[in-house]
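In this chain, residues are counted from 1 in sequence order.
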Amino acid sequence: MAILPILEVPDPRLKLVSTPVDKVDDELRALIADMFETMYDAPGIGLAAIQVGVPKRLVVMDLQEEEDEDGKPIRQPRVFVNPEILEPSADQNTYSEGCLSVPDQYADVDRPATCRVKWLDEHGKAHDEVFTGLLATCIQHEMDHLEGIVFLDHLSRLKREMIMRKLNKARKAAA
């Protein structure tokens, strides 16, 4: 397993529309393992393959919402191969979203409160489930990446420019 470099805005590869995964095999499972290691190291709760430079329809997520008796997050990794969103609700939820490709920047984004999702797991098994809450928000955020969309694209031009100025200032300070 390896920690992969995460693309950051304004990298043009983040605007690519990802292509479907042809087959679920050991090569894909190796990429999945690397993506989880990268996501946990960052740390984050979701990562799309395009964020590590692979334009395939693949997402890994782990909301880590539960803790063990020592207060450590319990890992509950989920893999989504060729995910599709079906039946997004008319009801909206607003979450303060962040993104590993837009480090340390957050903004409120409105998304459907629930959605039905179809996907394959890392073994090629088909799933179909209704997602709510943070899980619904996170899968929609990650699936946006598969379409070449980052959460900044959901913001007004003014908010987007403000976040990009903050990001550039932070990058200059770190250099």
* Nearest 0.5 Å please: distance from the OG1 atom of T38 over to the CG atom of L4. => 3.5 Å
* Asked: Under 4.5 Å between any side-chain heavy atoms of C99 and V9, yes or no?
  -> no
In a table with atom names and distances, give each donor-acceptor pair under 3.5 Å that connects a side chain of residues 45-53 to protein atoms at least two apart or in another chain.
| unit_1 | atom_1 | unit_2 | atom_2 | d |
| --- | --- | --- | --- | --- |
| Q51 | OE1 | A48 | N | 2.8 |
| Q51 | NE2 | S101 | OG | 3.0 |

* L134, M61: one ILVMFWY side-chain cluster at the under-4.5 Å cut-off? -> yes
* Residue pair R29 / V24, side-chain heavy-atom distance below 4.5 Å -> yes
* To do: Starting at CD1 of I163, measure out to CG of L158 and round the result to the nearest 0.5 Å.
  => 10.0 Å
* Asked: Any donor-acceptor pair under 3.5 Å linking the side chain of T19 with the backbone of P55?
  -> yes
* Gap between atom CD of Q105 and atom OG of S96 - 0.5 Å precision -> 10.5 Å
* Structure fact -> With sequence neighbours left out, the residues meeting salt bridge (charged side-chain N to carboxylate O under 4.0 Å, His left out) with D153 are K15
* **Pairing of R78 and E142 as salt bridge, 4.0 angstrom limit** => no
* To do: For residues 145-175, pull every pair meeting ring-ring contact (aromatic ring centres under 6.0 Å, His included), keeping only residues two or more places apart or in separate chains.
  => H141-H145
* Go through the structure and list residues passing side-chain hydrogen bond (donor to acceptor under 3.5 Å, both in side chains) with R160, not counting sequence neighbours. => none
* **Within residues 30-47 or reaching into it, pairs that qualify as salt bridge (charged side-chain N to carboxylate O under 4.0 Å, His left out) - sequence neighbours excluded** => none
* For E84, all residues meeting salt bridge (charged side-chain N to carboxylate O under 4.0 Å, His left out), sequence neighbours excluded -> none
* To do: Go through the structure and list residues passing salt bridge (charged side-chain N to carboxylate O under 4.0 Å, His left out) with R75, not counting sequence neighbours.
  => none
* So how far is it from L14 CG to I149 CD1, rounded to the nearest 0.5 Å? -> 12.0 Å
* Which atoms form the tightest heavy-atom contact between E122 and V79, and what is the distance? -> OE1-CB, 3.4 Å
* Asked: Rounded to the nearest 0.5 Å, how far apart are CG of D91 and CG of D110?
  -> 12.0 Å
* To do: Specify the closest pair of heavy atoms between S89 and P112, including all atoms of both residues, with the distance to one decimal.
  => O-CB, 3.4 Å
* For the hydrophobic clusters of this structure (ILVMFWY residues joined by side-chain heavy atoms under 4.5 Å, transitively), does one cluster hold both L58 and L100? -> yes
* To do: First locate atom CG of L31, then atom CG of D25, and finally report the distance between them rounded to the nearest 0.5 Å.
  => 10.5 Å
* Report yes if some heavy atom in the side chain of D144 is under 4.5 Å from a heavy atom in the side chain of R111; otherwise report no. => yes
* To do: Please check if V81 and V117 belong to a single hydrophobic cluster, counting links between Ile, Leu, Val, Met, Phe, Trp and Tyr side chain heavy atoms closer than 4.5 Å.
  => no
* **Pairs meeting criterion ring-ring contact (aromatic ring centres under 6.0 Å, His included) with involvement of residues 155-175, two or more places apart** => none
* Asked: Where is the tightest heavy-atom contact between C115 and I85, given as atom of each residue plus distance?
  -> CB-CG2, 3.9 Å
* Is R165 close to E161 at the side-chain level, that is, under 4.5 Å between some pair of heavy atoms? -> yes
* To do: In plain terms, say whether D70 and K72 are close enough for a salt bridge, that is, a side-chain N and a carboxylate O under 4.0 Å apart.
  => no
* Could you state whether L135 and M143 fall into the same hydrophobic cluster, counting links through intermediate Ile, Leu, Val, Met, Phe, Trp or Tyr residues with side-chain heavy atoms under 4.5 angstrom apart? => yes
* Asked: Can you list the residues that meet the ring pair (Phe, Tyr, Trp, His ring centres under 6.0 Å) rule with Y40, with sequence neighbours excluded?
  -> F36
* Do you know the tightest heavy-atom contact between V60 and M39? -> O-SD, 3.9 Å
* Which residues pass the salt bridge (charged side-chain N to carboxylate O under 4.0 Å, His left out) test with D68, sequence neighbours left out? -> none
* Other cluster members, V130 - Ile/Leu/Val/Met/Phe/Trp/Tyr, side-chain contacts below 4.5 Å -> none
* To do: Group every Ile, Leu, Val, Met, Phe, Trp and Tyr by side-chain heavy-atom contacts under 4.5 Å, then state whether L120 and I32 land in the same group.
  => yes
* For atom CD of E67, decide whether the heavy atoms of other residues, nucleotides or ligands shown that lie under 6.0 angstrom number more than 12. => yes
* R57 bridged to E147 by N-O distance under 4.0 Å -> yes
* Using a 4.5 Å cut-off on heavy atoms from C-beta on, say whether the side chain of L63 contacts that of Q76. => no
* Grab the two heavy atoms, one from L167 and one from P103, that are nearest each other, plus how far apart they are. => CD1-O, 3.6 Å
* Considering only heavy atoms from C-beta outward, does the side chain of M164 approach that of L152 to under 4.5 Å? -> yes
* To do: Write down the atom of A107, the atom of L155, and the distance for their closest heavy-atom approach.
  => CB-CD1, 3.7 Å
* Which pairs, with at least one residue in residues 100-121 and sequence neighbours excluded, count as a ring-ring contact (aromatic ring centres under 6.0 Å, His included)? -> F80-W119, W119-H127, W119-F131
